[in-house]
Amino acid sequence: MKIIKAQPVHAGPIRNIYAPFVENGFVTFETQVPDIEVFEERIIHYTQKYPWLVMEEDETVLGYAYASAYRERIAYQWVVECSVYVHADHQKKGIAAKLYEALFDLLRLQGLYKVYAVITIPNAQSVGFHEKMEFKWFATYENVGYKAGKWCNVGWWQLTLTEPDESIPSAPTPFPKLDNTAVENILNKYSN
């Protein structure tokens with residue numbers, strides 16, 4: 001298994017992994033599975049600033065993880081949201097943890113300080129996974145999403161990547177501007 005940078009060519013397999021989460025539950029608040037073209041656009045858009053990674057085995061995508069902007073205002077530029085999805089046939093194999101570990105190392109390299117996970121609750125599997133990854137719960141938004149005839153709560157978890165100090169922080173480095181050797185070293189570190 002290897003972790004690589006997502007490319008638009010991965011949009012179809014990513015869509016296939018994501019579709020059951022849209023169609024069968026409340027993990028995501030999307031109510032219709034986006035077209036492949038939408039995923040291609042998302043990959044292109046998100047990777048202008050942040051990593052989007054896939055775990056492959058024999059050129060089959062097993063899972064993916066990515067970071068996205070927490071908010072658009074400039075004062076929030078040092079924090080991001082994250083997501084990870086793994087194909088149903090490959091869950092409980094450590095794939096999500098490896099994807100997150102690689103993602104977080106890359107975010108640290110970019111100069112980011114904090115990452116947030118937004119989880120529809122109840123969801124014991126996702127909460128347990130994120131807490132195992134050292135995320136800490138800090139808020140619940142009640143009845144903020146309506147899907148499949150039901151109002152849903154979401155919980156917010158945070159992970160500190162780097163403690164901020166009193167100095168003026170440098171702007172984060174956009175993902176494409178990172179040193180390619182450093183990026184490849186991180187990806188290889190979490191590949192088998």
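Under 4.0 Å is where a charged nitrogen must lie from a carboxylate oxygen, and between K98 and E57 no such pair does.
Considering W78, W157, F135, F138 in turn, F138 is the only one that fulfils the ring-ring contact (aromatic ring centres under 6.0 Å, His included) rule with Y116. A ring-ring contact (aromatic ring centres under 6.0 Å, His included) with Y66 is found for one member of Y100, Y46, Y85 and no other, namely Y46.
Counted within 6.0 Å of CD on E23, heavy atoms from surrounding residues, nucleotides or ligands total more than 12; the atom is thus considered enclosed. By the neighbour-count criterion of 12 heavy atoms within 6.0 Å, atom CD of E134 is sparsely surrounded, having that number or fewer from other residues, nucleotides or ligands.
With a 4.5 Å cut-off on side-chain heavy atoms, E41 and I44 do not count as touching. Inter-residue side-chain proximity for W156 and E81 is flagged as met; some heavy-atom pair is nearer than 4.5 Å. At a threshold of 4.5 Å between non-hydrogen side-chain atoms, the residues T47 and K5 do not count as touching. Side-chain contact between Y113 and L161: absent, with no pair of heavy atoms (C-beta onward) separated by less than 4.5 Å. Residues I17 and H87 have side chains in contact (heavy-atom distance under 4.5 Å, counting atoms from C-beta outward). Looking only at side-chain heavy atoms (C-beta outward), R42 and P34 come within less than 4.5 Å of each other. Annotation: side chain of T160 is not in contact with side chain of Q158 (no heavy-atom distance under 4.5 Å).
Judged purely by atom type and a 3.5 angstrom limit, D179 uses its side chain to pair as donor or acceptor with the backbone of T181. Using a distance-only test at 3.5 Å, with no hydrogens or angles considered, a donor-acceptor pair links the side chain of N153 to the main chain of N143. The backbone N or O of I119 sits nowhere less than 3.5 Å from a side-chain atom of S126 that would complete a donor-acceptor pair. The main-chain N or O of I3 is found under 3.5 Å from a side-chain atom of S191 such that the two form a donor-acceptor pair. Side-chain atoms of Q91 come within 3.5 Å of backbone atoms of V86 as a donor-acceptor pair (strictly under, hydrogens ignored). Proximity of a side-chain donor or acceptor of K147 to a complementary backbone N or O of V27 within less than 3.5 Å is not detected. A donor-acceptor pair under 3.5 Å links the side-chain atoms of D165 to the main chain of S167, judged by distance alone.
Atoms OH and CG, on Y70 and L112 in that order, are 14.5 Å from each other to the nearest 0.5 Å. In this structure, the separation between NZ on K49 and CD on Q110 is 10.5 Å, given to the nearest 0.5 Å. Taken from CG in L178 to CG in L109, the straight-line distance is 4.5 Å, to the nearest 0.5 Å. Note that CG of N192 is 12.5 Å distant from NZ of K2, once rounded to the nearest 0.5 Å. The CG atom of L107 sits 11.5 Å away from the OG1 atom of T173 when rounded to the nearest 0.5 Å. Going from atom CH2 of W52 over to atom NE2 of H10 covers 11.5 Å, rounded to the nearest 0.5 Å.
Hydrophobic cluster membership differs between I14 and I36, with clusters built from Ile, Leu, Val, Met, Phe, Trp and Tyr side chains linked at under 4.5 angstrom. Both I4 and Y64 are members of a single hydrophobic cluster when ILVMFWY side chains are connected at heavy-atom separations under 4.5 Å. When the side chains of ILVMFWY residues are joined at heavy-atom separations under 4.5 Å, either directly or via intervening members, L99 and V115 end up in a single hydrophobic cluster. Linking Ile, Leu, Val, Met, Phe, Trp and Tyr residues whenever their side-chain heavy atoms come within less than 4.5 Å places M1 and Y190 in a single cluster.
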Might you work through the side chain to side chain contact (heavy atoms under 4.5 Å, CB included) test for V84 and M55, ending with a clear yes or no? CA-CA 11 Å; V84 63; M55 173 79 78; over 6 Å; no

Chi angles and distances behind the side chain to side chain contact (heavy atoms under 4.5 Å, CB included) call for I43, E40: CA-CA 5 Å; I43 292 167; E40 289 172 347; 5.9 Å; no

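In this structure, F175 has its ring center no closer than 6.0 Å to that of Y50.
Within the cation-pi definition used here (under 6.0 Å to the ring centroid, within 45° of the axis), R15 does not qualify as a partner of Y18.
Between A67 and L103, the closest heavy-atom pair is N-CD1, 4.0 Å.
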